[in-house]
Amino acid sequence: MREIVLPSSDSRAVFVGKTGCGKTTLAERICANFEEVFVLDSKGELDWRGYQIFTKLSDVVKARGHVIWQPNPHEQNVETYEQYFKWLYDRRNTVSYVDEVFAICKNSQSIPFWFKAILTRGRSRNVASFNSTQEPVQIPRSILAQAEFYFVFKMKMGFDREKIEGITGIPRENLEKLQMHEFFYADDSDYFSRKLKLRI
């Protein structure tokens with residue numbers, strides 16, 4: 001029987017599912033395994049235990065450990081996000097988690113240059129890229145294509161399930177049957193055929 005392997009410090013992982021399904025809770029638990037974790041929370045809703053929360057990028061770049069950046073309205077723009085991702089890229093030895101990619105990448109063709117650099121070249125710098133989304137169809141292809149690990153929760157739209165089936169091989173009829181807090185695990189070699197249940 002296959003074993004589930006958790007992401008490492010240079011991995012790419014995607015957490016997919018609708019609001020309230022459990023994807024962010026699972027992301028928090030996985031991120032807890034690393035010493036240096038920087039979370040981009042553009043919605044300003046996360047309150048993870050043990051994390052420092054900052055609203056200014058100038059404070060974020062001086063911090064260490066477990067950090068959540070909830071950018072103020074003046075910093076929610078492409079230029080500031082580019083500064084943030086370049087800083088992470090140059091920083092090395094860091095886990096980057098973006099909570100809801102669609103807030104940063106406004107369409108499937110738009111991705112900040114340094115965000116993509118982390119995805120495509122960050123492994124050599126030991127920079128992990130963990131990302132979550134409610135709508136996989138709407139986000140840049142490179143985020144899904146570069147991932148080695150997929151945690152797939154309940155999705156609302158059929159075309160999102162179809163997209164994930166095409167990438168992971170998880171049959172869409174199985175995805176349709178998921179209940180809240182249930183998920184499938186897949187990696188870049190295959191998917192785990194038995195659905196899993198997140199303990200809340």
Side-chain angles (χ1 to χ4, degrees), residues 7-17 23-24 26-28 30-31 34-46 48 51-152 160 163-164 167-168 188:
S8 61
S9 60
D10 64 350
S11 296
R12 280 88 190 91
V14 177
F15 302 82
V16 178
K23 67 180 184 296
T24 306
L26 181 59
E28 178 183 8
I30 290 176
C31 286
F34 304 96
E35 292 183 5
E36 298 286 320
V37 180
F38 285 76
V39 176
L40 174 47
D41 171 25
S42 60
K43 296 183 292 184
E45 296 177 351
L46 299 186
W48 289 3
Y51 280 72
Q52 307 168 75
I53 298 176
F54 299 104
T55 59
K56 294 181 180 178
L57 182 58
S58 58
D59 293 327
V60 171
V61 300
K62 293 183 286 187
R64 292 183 60 84
H66 289 181
V67 176
I68 295 174
W69 178 34
Q70 298 177 339
N72 62 54
H74 300 295
E75 295 195 337
Q76 292 190 20
N77 56 68
V78 173
E79 292 76 17
T80 308
Y81 292 144
E82 284 281 28
Q83 292 174 32
Y84 172 72
F85 288 118
K86 184 179 187 307
W87 173 75
L88 288 176
Y89 182 83
D90 291 337
R91 188 179 194 272
R92 303 172 180 259
N93 305 313
T94 305
V95 172
S96 165
Y97 173 66
V98 176
D99 187 66
E100 191 44 67
V101 170
F102 188 59
I104 310 303
C105 306
K106 298 300 184 183
N107 59 63
S108 62
Q109 305 300 318
S110 170
I111 181 170
F113 176 87
W114 288 104
F115 187 4
K116 190 170 185 178
I118 287 173
L119 286 164
T120 58
R121 307 196 303 267
R123 291 177 182 87
S124 64
R125 293 169 171 258
N126 201 39
V127 179
S129 183
F130 302 164
N131 303 286
S132 75
T133 183
Q134 297 181 46
E135 301 177 80
V137 166
Q138 299 291 345
I139 68 171
R141 179 181 177 277
S142 56
I143 292 172
L144 298 169
Q146 288 291 328
E148 302 110 349
F149 301 93
Y150 303 85
F151 302 92
V152 184
D160 286 320
K163 175 91 169 181
I164 292 299
I167 293 169
T168 65
D188 56 1

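- Judged by distance alone, the side chains of T133 and N131 never bring a donor and an acceptor atom under 3.5 Å apart.
- A donor-acceptor pair is defined here as one N or O able to donate and one able to accept, closer than 3.5 Å; no such pair exists between the side chain of S96 and the backbone of A128.
- Looking at residues two or more places apart in sequence or on another chain, you find a salt bridge (charged side-chain N to carboxylate O under 4.0 Å, His left out) between R91 and E36.
- Taking the ring-ring contact (aromatic ring centres under 6.0 Å, His included) definition, one finds that F151 meets it with F15, Y185, sequence neighbours left out.
- Taking CZ of R125 as the start and OG1 of T94 as the end, the distance is 11.0 Å to the nearest 0.5 Å.
- By the side-chain contact (heavy atoms from CB on, under 4.5 Å) test, S142 is found to be paired with I111, K116, L119, P140, residues two or more places apart in sequence or in another chain being considered.
- By the salt bridge (charged side-chain N to carboxylate O under 4.0 Å, His left out) test, E148 is found to be paired with R123, residues two or more places apart in sequence or in another chain being considered.
- Pairing each heavy atom of K163 with each of V137, the nearest pair is CB-CG2, 3.9 Å.
- Side-chain atoms of Q52 come within 3.5 Å of backbone atoms of R64 as a donor-acceptor pair (strictly under, hydrogens ignored).
- Judged by distance alone, the side chain of R141 and the main-chain N or O of I139 form no donor-acceptor pair under 3.5 Å.
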**Study point:** Full working for side-chain contact (heavy atoms from CB on, under 4.5 Å) between F115 and V98
**Key:** CA-CA 10 Å; F115 187 4; V98 176; 4.1 Å; yes

Return a table of donor-acceptor pairs under 3.5 angstrom between the side chains of residues 65-78 and protein atoms on other chains or two or more places apart.
residue : atom : partner : partner atom : Å
H66     : NE2  : F34     : O            : 2.6
W69     : NE1  : T55     : O            : 3.4
Q70     : NE2  : D41     : OD2          : 2.9
Q70     : NE2  : L46     : O            : 2.9
N72     : OD1  : H74     : N            : 3.0
N72     : OD1  : E75     : N            : 3.1
N72     : ND2  : T55     : O            : 3.4
E75     : OE1  : L57     : N            : 2.9
Q76     : NE2  : S42     : O            : 3.3
Q76     : NE2  : P71     : O            : 2.9
N77     : OD1  : E79     : N            : 3.2
N77     : OD1  : T80     : N            : 2.8
N77     : OD1  : T80     : OG1          : 2.9
N77     : ND2  : H74     : O            : 2.9
N77     : ND2  : T80     : OG1          : 3.4

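- For W114, the ring-ring contact (aromatic ring centres under 6.0 Å, His included) test picks out Y89, with sequence neighbours left out.
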Point to revise | Check against side-chain contact (heavy atoms from CB on, under 4.5 Å), Y51 and V37 | key: CA-CA 9 Å; Y51 280 72; V37 180; 3.7 Å; yes

